[in-house]
Structures are given as C-alpha cells and as structure tokens.
> 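Once you've had a glance at the structure underneath, I'll fire off some questions.
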Amino acid sequence: MNLPRMSFCAASLLLASATAAFAEDTASYAVDAYAKVLSDQRTRGISDSLNRPGIKLSVQAVHESGLIGLLEVNTVSKKQFLGGDGLDVTVASGYRFGDPEAWHYGLGLAAELFPGAKFQAPHGIDLATGTPTDVRTTNYNSGFAVVEIGYGDLEGRILNVLSKTYRGADTGGVCGQMLQVTLTTDPTRALECYARGDHDSRGSWLFDLDYHYHLDPVTTLNLHAGYQQIAHFKEANFTDWRVGLIRQQWGVEWEAAWVKTHVQDRDLYLVQDGDHWRATDQGKVLASATYRF
C-alpha cells in the first residue's frame, strides 16, 4: 500500500506556518498538496507501474486538534491491475498527537481502491484431473487500521488488513498466479498452495520503519525498512528497504533512491506483458520530482 508518510513533525510545521500567516485570525487547519512525477511507481518496493514512469497527486488536510484527512491518486499499470482505469486511489482519516520532537503517535483508518479493477481465478483444483475449479472474481481493494509510533525523525507504522483481501491476495490470486506462471514447467508449489484450502488474506500485517536525517537545511537522507506478513500465504511475505536523498532546489523536491526487495516466491511478482513475463521486484535506482502547491 502506498499510504503517504508525511511526518508528524511536518504536519506541525504546516500548522505553525498557517498560524503565523494569519496572526490576527489564527488558522485552525493547514493543507499540503503536491504533484509528483516518478521514474517508477512503487509500493513496498514492488512496481505498480510495470517498471514505467508514474504520476502521484496528493492532498492532506491537518487540523490543529490533530485530526487528519487524506486523498491520494496514483497511476498504475492496467496489465497488473486488470480491467481497471489505471488508477490507485487512497483515502484515509485519523488522529495524531504527542510531541513532534519527542514521542508522537497516530491512529487511523485507510482504504486503497482500484476503480474497476478485478480478475477471475480458480479457487480450487481437481487433483485427479488437474482441472481448475470454482472460478471467482476478486477485486484489489483493501482496507486498513493504522497505528503510528515515532520519536523525532524516527517513525514506525503498523497496518492491519481489515478487508477480505490485501490487493487481491486470496487462493485464486496467490495460488492461481503461481499456477499460471509454472503451468508448463513445474506446478508443484502451486498445487501445494491449493491443497491448503480456500483462504483470504484478512488479518495480514504490514510494518514500516523510516528515519529522516537532515544533512543540511535543504538535503535529507531517508532510510526505510519494511516487512509484510500475508495471512495464510507465506509465499507473499517479503521484506523491502530503501535508501534515498531528497534535495530542495528551484522550488522542487528532487529525490534519488535505491529500492530493493527480498521476496519468498518471485512467481507472484511476475506480470504478463505480451509474450513476456516481466519482474516487478527487481532492485532499482528511482528518481522523482515533487512540486508543492
């Protein structure tokens, strides 16, 4: 999931700026809006744009009470999120509290929606004949409960999946993908996946840890490590990490970063593109430019 990671400290600075600008009539909220162009749209280290450039638009409103509302739209590949409009829409709301320079916390709910996107896949296999059975339709939409805990520039976040699936991860989405990739080679692991029975991925856990180190007033080093634990499907568990530099220059926020993942089963991160399978989990140098309104 690509939930924005605007820090508690950044939110507080926005409120402070708004207050200073309207000294006689103190503003009760601040809005952070930006447009971002990326060389590759990635979520948890995995490409959502089939290793191609993407665009992100984000608007976040922060009330002085700590209440937060967010809307974010990303472009994604229609070859990965089948049948959809090529969009990933995140909506979230929550509450942050504490000291931005010391311990601070956040609680919230979020939904990630892929308008129109869905796929059909078998949820069972007739082991006697090897014939797929129980073909169903699954969408990619996901819902989360979010907890944030941070100290200064160190921020941790835990997400628990409340929806039936996380990005379509159910028996059809996971075992079916493995079967499709290995059907003409060795489908043993896919058949073992089906043999465990029909499951969804509600209750999955996503973990993130980020640290921001300010090298100078306009340059920041960003470090990230993440882990996802998908309920009932250990094949979909993986770790990811990111090292990036952000620099403010000419009114634009420029970033260069190295992103890498370590997956359990690479078949789950292959996408059919014409006659080829393309990997979306490869380590890569990414670049982006962000303009804030």
Side-chain angles (χ1 to χ4, degrees), residues 1-2 41-50 74 76-90 110-127 130-144 159-206 226-238 240 261 263-273 277-281:
M1 175 187 179
N2 194 30
Q41 174 64 56
R42 295 222 167 188
T43 298
R44 313 190 68 77
I46 302 296
S47 177
D48 286 341
S49 55
L50 200 55
N74 304 305
V76 297
S77 172
K78 295 181 182 181
K79 295 179 180 179
Q80 290 176 259
F81 301 93
L82 303 174
D85 299 329
L87 296 176
D88 170 8
V89 180
T90 296
E112 186 180 29
L113 310 172
F114 298 86
K118 56 185 178 295
F119 64 92
Q120 289 188 324
H123 283 243
I125 291 288
D126 184 334
L127 296 179
T131 305
T133 62
D134 192 13
V135 176
R136 301 183 213 161
T137 299
T138 302
N139 63 49
Y140 302 90
N141 300 337
S142 308
F144 310 86
L159 293 86
N160 181 249
V161 176
L162 303 178
S163 53
K164 187 174 182 179
T165 69
Y166 170 59
R167 289 189 157 206
D170 58 12
T171 296
V174 176
C175 308
Q177 166 75 4
M178 296 169 63
L179 182 64
Q180 183 182 14
V181 174
T182 62
L183 188 59
T184 60
T185 54
D186 182 7
T188 301
R189 288 180 295 108
L191 297 177
E192 290 174 348
C193 181
Y194 275 113
R196 297 200 300 262
D198 189 22
H199 298 285
D200 56 41
S201 53
R202 178 178 284 135
S204 297
W205 293 93
L206 313 177
Y227 177 70
Q228 70 174 35
Q229 181 177 316
I230 305 303
H232 303 119
F233 300 102
K234 61 183 179 180
E235 299 89 349
N237 296 348
F238 68 73
D240 69 282
T261 60
V263 301
Q264 297 294 322
D265 194 318
R266 200 178 193 195
D267 291 344
L268 297 177
Y269 306 101
L270 296 176
V271 177
Q272 193 162 18
D273 184 13
W277 289 99
R278 300 197 183 277
T280 58
D281 65 326

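Quick note: numbers below take in every heavy atom, side chains included, and nothing from hydrogens, waters or symmetry partners. Numbers here are sequence positions counted from 1.
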> Specify whether F114 and F81 have parallel, tilted or perpendicular ring planes, treating 30° as the upper limit for parallel and 60° as the lower limit for perpendicular.
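Plane angle under 30°, so parallel.
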> Spell out, as yes or no, whether a donor-acceptor pair under 3.5 Å connects the side chain of N237 to the backbone of I230.
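Indeed, once roles are kept as given, a pair shorter than 3.5 Å links the two residues.
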> Would you indicate whether the side-chain heavy atoms of F144 and V161 approach each other to under 4.5 Å?
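Heavy-atom side-chain distance check passes, below 4.5 Å.
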> Which distance, rounded to the nearest 0.5 Å, do you find between the CZ of F119 and the OH of Y140?
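Atom-to-atom, F119:CZ and Y140:OH are 5.5 Å apart.
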> Just how far is it from atom CH2 of W277 to atom CZ of R266, taken to the nearest 0.5 Å?
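Here the interatomic distance stands at 13.0 Å.
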> Under a 3.5 Å distance rule, please check whether N160 uses its side chain to pair with a backbone N or O of S204 as donor and acceptor.
yes
> If I take atom CG from residue D281 and atom CG from residue D240, how far apart are they, to the nearest 0.5 angstrom?
11.5 Å
> Is a side-chain donor or acceptor of Y194 paired with a backbone partner of P132 at a separation under 3.5 angstrom?
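No.
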> Answer with yes or no whether the side chains of T165 and D170 bring together a donor and an acceptor at under 3.5 Å.
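No, because no side-chain N or O of D170 sits under 3.5 Å from a partner of the opposite role on T165.
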> Kindly compute the distance separating OG1 (T182) from CG (L270), expressed to the nearest 0.5 Å.
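One gets 10.5 Å once the value is rounded to the nearest 0.5 Å.
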> Quick check: does any side chain N or O of S77 sit under 3.5 Å from a backbone N or O of K79, one acting as donor and the other as acceptor?
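Checking the backbone N and O of K79 against the side chain of S77, a donor-acceptor pair under 3.5 Å is found.
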> Rounded at 0.5 Å granularity, tell me how far CZ in R167 sits from OG in S201.
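The CZ atom of R167 sits 12.0 Å away from the OG atom of S201.
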> Charged N to carboxylate O below 4.0 Å: is that the case for D200 and K164?
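No, D200 and K164 are not salt-bridged.
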> State whether the side chain of T280 and the backbone N or O of Y269 hold a donor-acceptor pair below 3.5 Å, judged by distance alone.
yes
> To the closest 0.5 Å, what do you measure between SG (C175) and NE2 (H123)?
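If we round to the nearest 0.5 Å, C175:SG and H123:NE2 are 9.0 Å apart.
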> Apply salt bridge (charged side-chain N to carboxylate O under 4.0 Å, His left out) to D126 and list each qualifying residue two or more places apart in sequence or on a separate chain.
none
